[in-house]
Every structure is written in structure tokens, then in C-alpha cells.
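Structure first, then comments.
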Amino acid sequence: LEIFDEIQFFDVSFDESAKSQKISVWVYRDGQWHEDGTIEGEIKSSDERIAVQLTDTSFDLYLLDETGHTQYTYPVLETALEDSATVLNWKIEEPVPVELNQETAFRVKTGVEEHSMRTEVTPQDFRSTDCNAGIAVTLTVSEQEIE
């Protein structure tokens, strides 16, 4: 059952102005956040379910719909989370509005070398978190269609 500790399901509802989405994986290393991967696509339905499995070194994303699912995998992410004394794992637990052309974080995992967090994770501004390691997953919705 350990796998279920690391997986989270998110239900997303879009209005008619939303045409495309981008899901980004961010990794903190060498003192900066780096966008290590993106998944972009058209929004095909007004309701979507996204599942995220996030460990200290890997990331799996599942886009689920009525016909099945599509899986995207980043099997190796270079993080220092395994070297962190304290790891804070944040995820959305209540409805959050997603605004057009605004990045929305829905999973953030950060670590520090000491046994306490120096600052609390601010999910929508995870880049300002004082940490030595981290992974973040964000969603950006646009009114622009993918060409």
C-alpha cells in the first residue's frame, strides 16, 4: 500500500475559455528551480481527472477520462530530497480556482538539511521557499489553442 501514500487524484473543471493546458515538473538543484519537463495538450473535456505519483526521485502523471488514461513518466529526477533531514510534502486538499495564464501548483515537495523547516511552503510561490531540494508540479491553463 506504500504506492497510495505517494499518489494524489485531482479533479479539474474548465470553462469554455480554456483551450489548452501545460503541466510542468520543477526540480530544485544548484540553488535554483529548473523546469525539467512539460506535458502540453488541448483540453478535450470540461472535466478532467489528473493523478500524480510523486516520490523523492520520480514522477508519474496520469490523465484519466471516460475512455481510459494516458501515462507520462519521469523515472529519474535529480533531487537531493534523500539527503534532506526534513521533507515537507504539500498537496491541494480543497477546491482551488485555476485562473487562465496563471501557474497553479498542485504538488510541492521540499527538503532542508536541518531537522526543521526554516520557512513554510507557500505552494503558489514555491520558488521563494528556503530549501536545499524540491520537486513541484504545476498546471497552467490557456485560452490559446495548441498549434
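These numbers were taken from a predicted model, which means no experiment stands behind them. Just the heavy atoms: all of them, side chains too, but no hydrogens, waters or symmetry mates, feed the values below.
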Over all atoms of both residues, closest heavy-atom pair of Ala105 and Thr138: CA-CG2, 3.9 Å

Shortest non-hydrogen contact between Ile43 and Val141, atoms and distance: CD1-CG1, 3.9 Å

Listed partners of Thr67 passing side chain to side chain contact (heavy atoms under 4.5 Å, CB included), at least two apart: Asp65

Qualifying salt bridge (charged side-chain N to carboxylate O under 4.0 Å, His left out) pairs with a residue from residues 21-45, counting only residues at least two apart or across chains: Lys22-Glu35, Arg29-Asp36

Heavy-atom closest pair, residues Ala133 and Ser84: CB-OG, 3.9 Å

Residue pairs involving residues 96-106 (criterion salt bridge (charged side-chain N to carboxylate O under 4.0 Å, His left out); sequence neighbours excluded): Glu103-Arg127

Listed once per pair and sorted, the ring-ring contact (aromatic ring centres under 6.0 Å, His included) pairs that draw on residues 128-147, sequence neighbours left out: none

Contacts of Phe14 that satisfy ring-ring contact (aromatic ring centres under 6.0 Å, His included) - sequence neighbours left out: none

Heavy-atom pair with the smallest gap, counting every atom of Leu100 and Ser142: CD2-C, 3.8 Å

Separation of Asp60 CG from Gln53 CD (nearest 0.5 Å): 5.0 Å

Partner of Ile23 by side-chain contact (heavy atoms from CB on, under 4.5 Å), out of Thr38, Leu63, Val52: Leu63

Under the ring-ring contact (aromatic ring centres under 6.0 Å, His included) test, residues paired with His69 that sit two or more places apart: Tyr62

Contact check, side chains of Phe106 and Leu139, non-hydrogen atoms, under 4.5 Å: yes

Side-chain touch Asp130/Val112, heavy atoms, less than 4.5 angstrom: no

Pair Phe126 and Trp33, ring centroids less than 6.0 Å apart: yes

Any side-chain donor near an acceptor of the partner, Glu143 and Asn101, under 3.5 Å: yes

Glu145 CD: over 12 foreign heavy atoms closer than 6.0 Å: no

Minimum heavy-atom distance Cys131-Gly111, with the two atoms named: CB-O, 3.3 Å

